[in-house]
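Report on the structure given below.
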2 protein chains.
Amino acid sequence: MPTRNTTKGARTRGDILRIAADIATVDGLDGLSIGRLATELGMSKSGLFAHFGSKESLQLATIAEARQRYVQEVIAPALASGTGITRLLALCEAFFSYVERGVFPGGCFFASAMAEFGAKQPSPVRDLISECQRQWMSTLERAAEDARAHGELRADCDPCQLAFDLEGALLSANWYFHLFQDAANFTRARHAVRARLSSEATPAGRNSLHPSQGS
Amino acid sequence: MPTRNTTKGARTRGDILRIAADIATVDGLDGLSIGRLATELGMSKSGLFAHFGSKESLQLATIAEARQRYVQEVIAPALASGTGITRLLALCEAFFSYVERGVFPGGCFFASAMAEFGAKQPSPVRDLISECQRQWMSTLERAAEDARAHGELRADCDPCQLAFDLEGALLSANWYFHLFQDAANFTRARHAVRARLSSEATPAGRNSLHPSQGS
DNA sequence: CCTACCGATCGGTAGG
DNA sequence: CCTACCGATCGGTAGG
């Protein structure tokens with residue numbers, strides 16, 4: 001029995017959170033209702049509720065589930081694909097692919113969550129979203145620092161500014177792709193990323209931006 | 001009697017919509033409830049409801065109110081301040097100022113609305129939001145085309161790409177300023193805007209980017 | 001613009 | 001994990 005090792009309760013919990021994360025990208029973490037989740041999973045509202053004890057703790061668990069999915073679908077593949085400017089480009093490409101593949105039906109989970117909770121009062125939910133986003137930004141920044149340390153980006157390059165600029169292109173692609181249903185926004189965002197990296201790249205770094213080997 | 005000319009009903013309607021637009025930037029257009037709005041205005045729920053007839057039509061009227069405010073606070077001042085690359089820069093600066101001044105308590109109304117409705121099923125509300133956003137993008141694009149026609153931007157400059165890139169900086173500043181409560185994000189976004197304009201500017205255009213006259 | 005009300009759904013609880 | 005229930009609030013209506 002290969003799918004054992006995990007108790008039935010834990011499997012149910014995982015099922016709940018996968019659906020919850022999907023719903024949250026379309027209707028928001030506040031729009032996520034326990035009754036609707038229960039209906040969608042064919043179980044009773046109180047049975048589902050018993051797994052979490054409060055709506056807030058359901059929201060926190062949903063964010064944790066989304067974070068795992070983000071690490072698996074975006075960060076891990078990009079980190080495995082190289083270092084320096086190659087990694088920086090891979091992080092951006094992995095993000096585009098994650099949105100294009102529809103890993104979440106409503107686009108990037110953290111973009112949606114940031115927009116929904118960014119202006120709200122501090123709360124555990126808001127704080128966790130903020131921490132996730134800061135961690136992603138620092139992943140971009142560290143990749144930029146590394147690329148600079150390896151001589152692929154100019155010495156006067158500001159990693160924070162570069163990360164901010166790249167993230168602007170990623171987020172815009174996410175918003176416009178969904179609002180306008182137009183894939184041209186991915187093309188524009190990819191242009192923006194390459195142009196921005198190119199503008200700060202040294203001749204050594206430029207080689208990594210134009211992969212010449214086949215396959 | 002100077003504040004006459006407008007009936008009492010129309011004044012009440014305006015009061016409702018101003019509060020509604022403010023609330024929507026924090027709690028969303030769906031989070032906006034008729035009961036809460038009524039409480040906040042000290043009137044009965046059904047009295048307020050009678051002005052609109054449905055929640056959807058309240059949402060549509062709220063978007064129209066926000067659009068008026070956006071034109072007044074961002075577009076009109078920028079269009080009045082010059083042409084060409086000067087206008088393009090003024091549009092970006094007017095946006096930053098609008099977010100910094102807190103014209104809406106939760107940041108840019110249309111950024112919030114786009115994030116909330118971008119992934120939802122088509123609806124009159126979603127369509128109106130999409131149209132507003134497209135109109136803003138085309139305002140940026142037309143300013144870019146104009147600047148190019150006047151020789152301030154290079155002939156090979158793509159106005160759509162430039163508008164996309166500028167908007168990325170504007171939106172990122174809006175999100176990060178609210179989520180992280182850090183005004184450094186405005187500084188980064190302003191750098192990004194100037195650098196991007198500078199990269200496409202002709203020598204003639206460059207003069208307009210560095211205003212030399214005092215005051 | 002009001003009071004008074006409708007059915008539906010919300011998050012959450014009691015008790016098993 | 002269930003049934004059965006709670007008070008509060010939702011969008012909306014009747015009637016004035």
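Since this is a predicted model, take the numbers as computed values, not measurements.
- Remark: P of C/dC10 and CG of B/Asp30 are 13 Å apart, rounded to the nearest angstrom.
- Closest to the side chain of B/Ile34, from the set D/dG11, D/dC1, C/dG11, is D/dG11.
- Looking at heavy-atom distances under 4.0 Å, A/Leu37 makes no contact with the nucleic acid at all.
- Taking atom CZ of residue A/Arg36 and atom P of nucleotide C/dA8, one finds them 19 Å apart after rounding to whole Å.
- A donor-acceptor contact closer than 3.5 angstrom links the side chains of A/Ser97 and A/Arg101.
- Following rounding to the nearest Å, B/Glu56 (CD) and D/dG12 (C1') show an atom-to-atom distance of 14 Å.
- Among the atoms of the strands shown, only primed sugar atoms or phosphate atoms (P, OP1, OP2) are found under 4.0 Å from some heavy atom of B/Leu32.
- A distance below 6.0 Å separates the ring centres of A/Tyr70 and A/Trp136.
- Out of D/dC2, C/dA4, C/dC1, the shortest distance to the side chain of B/Thr12 is found at C/dC1.
- For the pair B/Lys55 NZ and D/dT9 C1', the computed distance is 12 Å after rounding to whole Å.
- Residue contacts shown for A/Ser44 include a base, since a base heavy atom lies under 4.0 Å away.
- Looking at A/Cys160, A/Ser138, A/Cys157, A/Pro159 one by one, the single match for side-chain contact (heavy atoms from CB on, under 4.5 Å) with A/Glu145 turns out to be A/Pro159.
- Here the closest heavy-atom approach between residue B/Gly84 and residue B/Ala147 is recorded as C-CB, 3.6 Å.
- To the nearest angstrom, C1' of C/dC2 lies 15 Å from CZ of B/Phe49.
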